[in-house]
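Taking it in order: structure first as structure tokens, then the write-up.
Model, not experiment: these values are computed from the prediction.
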Amino acid sequence: MELTWSILTPYIPYFVSLLALLLLLEQISYLKKKRFLPGPTLVFPFIGNAISLVTNPTSFWDLQSSYAKSTPLGISANYIIGHYILYIYSSDLSHKIFANVRPDAFHLIGHPFGKKLFGEHNLIYMFGQEHKDLRRRIAPNFTPRALQTYTNIQQRIILKHLESWCKISQGKSIPLRILCRDMNLETSQTVFVGPYLKEESRKRFNVDYNLFNVGLMKLPIDLPGFAFRDARLAVERLVDTLGGCVEESEKKMKSGEEPTCLIDFWMQESLRELSEKPFEYSYREIGGHLFDFLFAAQDASTSSLLWAVAYLDSHPHVLEKVRKEVAKYWVPEDGSIITGEQLREMKYTEAVAREVVRIRAPATLVPHIAGVDFQLTENYVIPKGTIVFPSVFDSSFQGFTEPEAFDPDRFTEERQEDRVYKKNFLAFGAGAHQCVGQRYAINHLMLFIAMFATLVDFKRDRTDGCDEIAYVPTIVPKDDCRVSLSWKCAS
């Protein structure tokens with residue numbers, strides 16, 4: 001041991017000097033890419049500001065937004081785990097990113113380390129004709145006929161969970177986040193794969209999905225014992241399970257039965273197209289796409305439902321208008337359900353849903369990676385390899401009349417701010433990768449608002465800071481939306 005140490009001792013100054021040189025070059029590289037943009041002047045070696053991002057994401061992104069707003073360009077810079085990043089505040093520049101998703105410009109990644117989690121052949125990483133063909137095959141999943149099928153399922157599950165919540169609450173305040181997440185997970189599973197996910201599979205599915213959610217918010221250390229590794233392995237199991245559901249659905253659709261869930265509509269359309277023009281697909285590949293849908297529907301919807309409760313409580317005049325509108329079309333005492341046609345007539349309830357999504361965009365940022373050096377503005381070129389974060393959250397507070405106010409009337413026919421300020425309403429993205437299931441998402445939020453407002457009396461347990469934003473990974477009220485609930489409907 002002493003001999004080894006005596007041999008190494010003369011080289012220690014060289015190792016220290018080499019390490020210092022590497023750290024210096026890293027700082028120089030960061031500053032060269034950053035140029036005149038606002039952001040930290042110096043960053044911690046290699047990990048950059050990853051620790052502050054993981055420990056307090058709200059504060060981290062608020063600071064990046066403040067940096068970006070401090071310059072007319074609407075951009076700020078930072079450094080995370082060996083990656084130079086850009087934060088985009090400007091709606092115009094965000095549109096420029098969304099409009100240039102292609103191999104020789106920007107690649108949508110969904111998460112800074114998404115390819116490790118979601119796999120290389122995920123829907124969000126597709127380009128060109130392959131991507132267009134897949135979206136075309138997905139489109140029949142969201143026709144009025146399909147949406148009505150989902151609406152029936154959604155109402156049944158929402159009703160079951162609202163009854164359960166009231167029994168749990170018994171007039172005392174309870175946090176809704178986990179309850180809402182569980183409701184959404186059951187809804188997504190049943191809408192997407194219906195009868196093909198058996199009870200035992202659902203239990204394992206829920207455990208794996210929770211591992212995935214936890215890993216999303218942790219450092220990307222892909223080693224045994226770390227949450228990120230658990231999340232990656234959980235995704236593989238989830239996709240395998242969904243792939244098995246695809247295979248069962250295909251058999252059922254080949255027998256000529258009617259679709260009862262999303263994958264049935266998908267397989268019915270795929271079999272029809274196969275009879276006209278052969279193409280290739282695998283069960284696991286479609287299982288991966290189903291996981292994308294589930295991820296988008298699950299976490300984003302949980303966020304929107306919680307904020308809907310928070311804003312309905314703090315705006316009683318909005319709640320009363322929703323209740324009056326719903327009563328015109330739906331009488332729960334007679335055991336009926338809300339039809340797709342009735343839902344389309346609830347214009348004010350839809351305006352409330354859209355305003356919830358605008359003022360609290362569930363996924364606040366849509367990360368892309370620059371595949372080439374890209375001329376973003378006249379004076380700034382985004383270096384190749386940069387992770388770019390267009391902020392759809394910040395866009396929601398640009399252009400609109402009194403954007404900080406919760407005002408559903410902005411989405412009514414009289415004001416039409418959704419058309420006037422269309423470029424600033426980016427909660428569902430823009431361009432080739434705009435959310436294909438946004439009508440389903442709005443319907444789900446509308447159904448929840450209509451049923452919650454009609455069937456439940458509720459009161460928010462308000463405390464200091466309860467409405468501050470927390471990332472989990474989509475945004476939710478900091479107090480997990482604590483409310484007291486009691487059953488309102490006579491039957």
Side-chain angles (χ1 to χ4, degrees), residues 58 154-190 202-203 206-207 209-210 213-214 217 298-324 326-327 330-333 335 338 349 352-353 355-356 359-360 362 406 408 444-491:
T58 304
Q154 289 164 295
Q155 288 178 79
R156 185 176 74 246
I157 295 172
I158 291 171
L159 177 61
K160 183 182 82 171
H161 282 266
L162 290 183
E163 289 177 330
S164 172
W165 297 357
C166 289
K167 289 177 182 176
I168 294 170
S169 173
Q170 295 184 338
K172 298 178 181 178
S173 72
I174 57 172
L176 286 187
R177 182 171 73 86
I178 300 301
L179 295 174
C180 214
R181 185 202 67 182
D182 291 345
M183 181 187 73
N184 274 340
L185 192 54
E186 182 179 352
T187 305
S188 300
Q189 289 171 348
T190 311
R202 280 179 185 261
K203 290 178 182 177
N206 294 349
V207 171
Y209 195 84
N210 186 59
N213 252 351
V214 171
M217 301 298 292
Q298 165 65 24
D299 294 292
S301 287
T302 298
S303 169
S304 293
L305 269 53
L306 294 173
W307 289 113
V309 172
Y311 280 109
L312 287 173
D313 175 81
S314 60
H315 295 76
H317 65 287
V318 172
L319 174 62
E320 188 57 31
K321 287 180 74 172
V322 167
R323 283 174 168 165
K324 286 182 178 179
V326 174
W330 183 47
V331 182
E333 286 82 1
I338 302 171
T349 304
V352 173
E355 178 66 346
V356 169
I359 201 166
R360 287 294 180 264
F406 181 74
H444 185 58
L445 183 52
M446 287 177 66
L447 282 168
F448 177 81
I449 290 171
M451 296 179 73
F452 189 82
T454 302
L455 300 175
V456 176
D457 277 323
F458 63 100
K459 183 174 178 58
R460 186 86 185 278
D461 184 6
R462 293 196 166 272
T463 56
D464 289 343
C466 66
D467 284 333
E468 291 177 9
I469 289 172
Y471 284 78
V472 293
T474 49
I475 59 171
V476 299
K478 189 176 180 179
D479 72 336
D480 283 349
C481 197
R482 292 193 68 94
V483 292
S484 55
L485 307 166
S486 60
W487 200 248
K488 177 176 183 288
C489 182
S491 173

- Residues two or more places apart in sequence or in another chain: which of them pass side chain to side chain contact (heavy atoms under 4.5 Å, CB included) with Ala308? Val356, Leu445, Ile449
- Message: Please find the pair of heavy atoms, one from Thr58 and one from Ala470, that lie closest to each other, and give the distance.
- Response: OG1-CA, 3.9 Å
- Query: Checking Arg482 side chain against Asp461 main chain: does a donor-acceptor pair fall under 3.5 Å?
  - Reply: no
- Message: According to side chain to side chain contact (heavy atoms under 4.5 Å, CB included), who are the partners of Thr187, at least two apart in sequence or on a separate chain?
- Response: Gln154, Ile157, Met183, Val191, Tyr440, His444
- Item | Approximate separation, where rounding is to 0.5 Å, of Arg323 CZ and Leu312 CG | 8.5 Å
- Item | Where Leu306 and Cys180 come nearest, the two heavy atoms and their spacing | CD2-CB, 4.1 Å
- Message: Could you go through Thr302 and Asn184, starting from their C-alpha distance and side-chain angles, then the distance that decides it, and tell me whether this counts as side-chain hydrogen bond (donor to acceptor under 3.5 Å, both in side chains)?
- Response: CA-CA 7 Å; Thr302 298; Asn184 274 340; 3.0 Å; yes
- Message: Any carboxylate oxygen within less than 4.0 angstrom of a Lys/Arg side-chain nitrogen, looking at Asp467 and Arg462?
- Response: yes
- Item | From CD1 (Ile178) to CG (Asn210), nearest 0.5 Å | 7.5 Å
- Does Ile338 offer a backbone N or O that forms a donor-acceptor pair with the side chain of Gln155 under 3.5 Å? yes
- Does the side chain of Val483 come within less than 4.5 Å of Asp313's, by heavy atoms? no
- Given Cys481 and Arg460, is the side chain to side chain contact (heavy atoms under 4.5 Å, CB included) satisfied, shown in steps? CA-CA 7 Å; Cys481 197; Arg460 186 86 185 278; 4.0 Å; yes
- Query: Once you round to the nearest 0.5 Å, how far does CE of Met451 lie from CE of Met446?
  - Reply: 13.0 Å
- Between CD1 of Ile359 and OG of Ser304, what distance do you get to the nearest 0.5 Å? 12.5 Å
- Under 3.5 Å, side chain of Ser303 to main-chain N/O of Ile475, donor-acceptor pair present? yes
- Message: Under the rule for side chain to side chain contact (heavy atoms under 4.5 Å, CB included), what residues qualify as partners of Lys203, not counting sequence neighbours?
- Response: Glu199, Glu200
- Minimum-distance pair of heavy atoms, taken over all atoms of Thr454 and Ala450: OG1-O, 2.7 Å
- Message: Holding to side chain to side chain contact (heavy atoms under 4.5 Å, CB included), I want the full list of residues that pass it with Glu468, two or more places apart in sequence or in another chain.
- Response: Lys478
- Message: I'd like to check Leu162 versus Leu485 (side-chain heavy atoms, cut-off strictly below 4.5 Å). Are they in contact?
- Response: no
- Which value, rounded to the nearest 0.5 Å, describes the distance between Ser301 atom OG and Leu185 atom CG? 11.5 Å
- Query: Out of curiosity, Phe452 CZ to Leu176 CG, how far, rounded to the nearest 0.5 Å?
  - Reply: 6.0 Å
- By ring-ring contact (aromatic ring centres under 6.0 Å, His included) - contacts of Phe406 (at least two apart): Tyr311, His315
- With sequence neighbours excluded, tell me which residues meet salt bridge (charged side-chain N to carboxylate O under 4.0 Å, His left out) with Arg177. Asp480
- Task: List the atom of Cys166, the atom of Val456, and the distance in Å for their closest heavy-atom pair.
- Result: SG-CG2, 4.1 Å
- Please check if the side chain of Ser169 supplies one atom and the backbone of Trp165 the other of a donor-acceptor pair under 3.5 Å. no
